[in-house]
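Report on the following structure.
Proteins get letters first, then strands, A, B, ... in listed order; numbering begins at 1 in each.
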Amino acid sequence: MDVEVLKRDDVSLKLLVKGVKLHLLNSIRRALIAEVPVMAVDYVVFMENSSVFYDEYIAHRLALIPLSSEKALEKYKSPEECREAGERGIFSEDCFVKLELSGEGVKGGVKTLYSGDLVSGDPDVKPVYDKIPIIQLLENQRVKLEAYARLGRGREHIKWSPVSVAAHKYVASVKIDEGKCSYPQCRRCIEVCPRQVIVEKEGSIKVDEGKLLECSLCRLCETVCPSEAVKVSWKEDEYILYFESTGSLTPKRILIEATKVLEDKLNTLKKALLEGVGYGGG
Amino acid sequence: MLFPVRCFTCGAPIGHLWDEYIKRVQAGEDPAKVLDDLGVKRYCCRRMFLSHVDIAREVLYFPKIS
């Protein structure tokens, strides 16, 4: 297995992965979306809400706000334990973080409450972005609420997914048969390629190897060629994995956690096989 | 209603960009350029901004039905 970082910034990661079967990469991708735990608001208690917005609407907006979870993963109990605790109405401190929000409308204007106005009980768990509008209030309208956040997984609700986009794609392999190609007379494939993968270089037609990663396998060059000189296919066991974080965890951490989850699952399966089915020791 | 916290399609957080977006667009800037500056690159997220109507501003003045 060979991994190369193609692009990396605060919220996204693009990897070129070689020597890996697609099903393995896909299980990693699915673990990224649905299995990595992050913090999100799960219960909201309204002490007062005289705004025009319904409680449910506000609760929904609160839930979608990404909360920083980098340290919370070690500090708090697992999603499964905390889900049960919440269902039994136990809001213990080893599971839940309390976030408070209160505000009042101002005279002759519209007061907007932002995610930055949330007061968190734990400095490690706070909104990643401070400028997300939660509600708007007029004069004499008041809101006072307590929101309880806990760890969860994306398969339960998308608010607990650490990524917004997680995708993989094939790496293209474009071949030009120079025997069949009538290059200087015909330049159709060069003109038609939307990603400029096929280029002219020193008087001959060439595939730009650097640009190959950008090829979307649209096969326009193949269909447009009159002499079937261009062939588009993909490389074996070579893929691009791209994902974008919501901000609650760094992309690197998300990937590490995803592989951990996969490993745990496989170990559980192995253990069950050894103990239950009795294949242990051959 | 209020501007959505996240993009409906991809789930990327976009709510925190609204205030700056609407301020700059109302000042006469080209929405496409503002979105590029804010780092909103996919068209699913871009349409969230371009097609948003701030109905909350009107709803605010009507009583809640309960």
Name the region of [X], side chain, backbone, both or neither, that has any atom closer than 4.5 Å to a heavy atom of chain B.
{"X": "A:Y57", "result": "side chain"}
{"X": "A:E244", "result": "side chain"}
{"X": "A:D9", "result": "neither"}

Between A:I65, A:V128, A:T246, which shows the greatest number of heavy-atom pairs under 4.5 Å with chain B?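 Most heavy-atom pairs within the cutoff with chain B belong to A:T246.
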
Heavy atoms only, distances under 4.5 angstrom: which of A:I134, A:I132, A:I158 has the most pairs with chain B? Name it, please.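 The residue among A:I134, A:I132, A:I158 with the greatest pair count is A:I132.
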
Using modelled atom types and a 3.5 Å cut-off, is there a donor and acceptor pairing between side-chain atoms of A:S102 and backbone atoms of A:V143?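 Pair absent, no side-chain N/O of A:S102 close to backbone of A:V143.
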
Would a distance-only check, ignoring hydrogens and angles, find a side-chain to backbone donor-acceptor pair under 3.5 Å from A:W234 to A:K169?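 Absent.
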
Ring centres under 6.0 Å, that's the criterion: do B:F3 and B:Y21 meet it?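 Here the rings of B:Y21 and B:F3 have centres that are no less than 6.0 Å from each other.
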
Please assess A:S68 against A:S248 for the test side chain to side chain contact (heavy atoms under 4.5 Å, CB included), listing each intermediate value before the final yes or no. CA-CA 4 Å; A:S68 53; A:S248 45; 5.9 Å; no

For the residue pair A:Y129 and B:H16, does the interplanar ring angle fall in the parallel (under 30°), tilted (30 to 60°) or perpendicular (over 60°) class?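 Ring orientation, 0 to 90° scale: parallel.
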
Between the side chains of [Y] and [X], is the shortest nitrogen-to-carboxylate-oxygen separation below 4.0 Å, so that they form an ion pair?
{"X": "A:R30", "Y": "A:E35", "answer": "no"}
{"X": "A:E156", "Y": "A:R150", "answer": "yes"}
{"X": "A:K159", "Y": "A:D42", "answer": "yes"}

Should the heavy atoms of other residues, nucleotides or ligands under 6.0 Å from CZ of A:F46 be counted, would the total exceed 12?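 Yes, enclosed.
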
Give, as side chain, backbone, both or neither, the part of B:P63 having an atom under 4.5 angstrom from any heavy atom of chain A.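 Neither part.
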
Enumerate by number any residue of residues 249-260 of chain A whose heavy atoms lie under 4.5 Å from heavy atoms of chain B; in the absence of such residues, state 'none'.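 Residues of residues 249-260 of chain A touching chain B at under 4.5 Å: none.
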
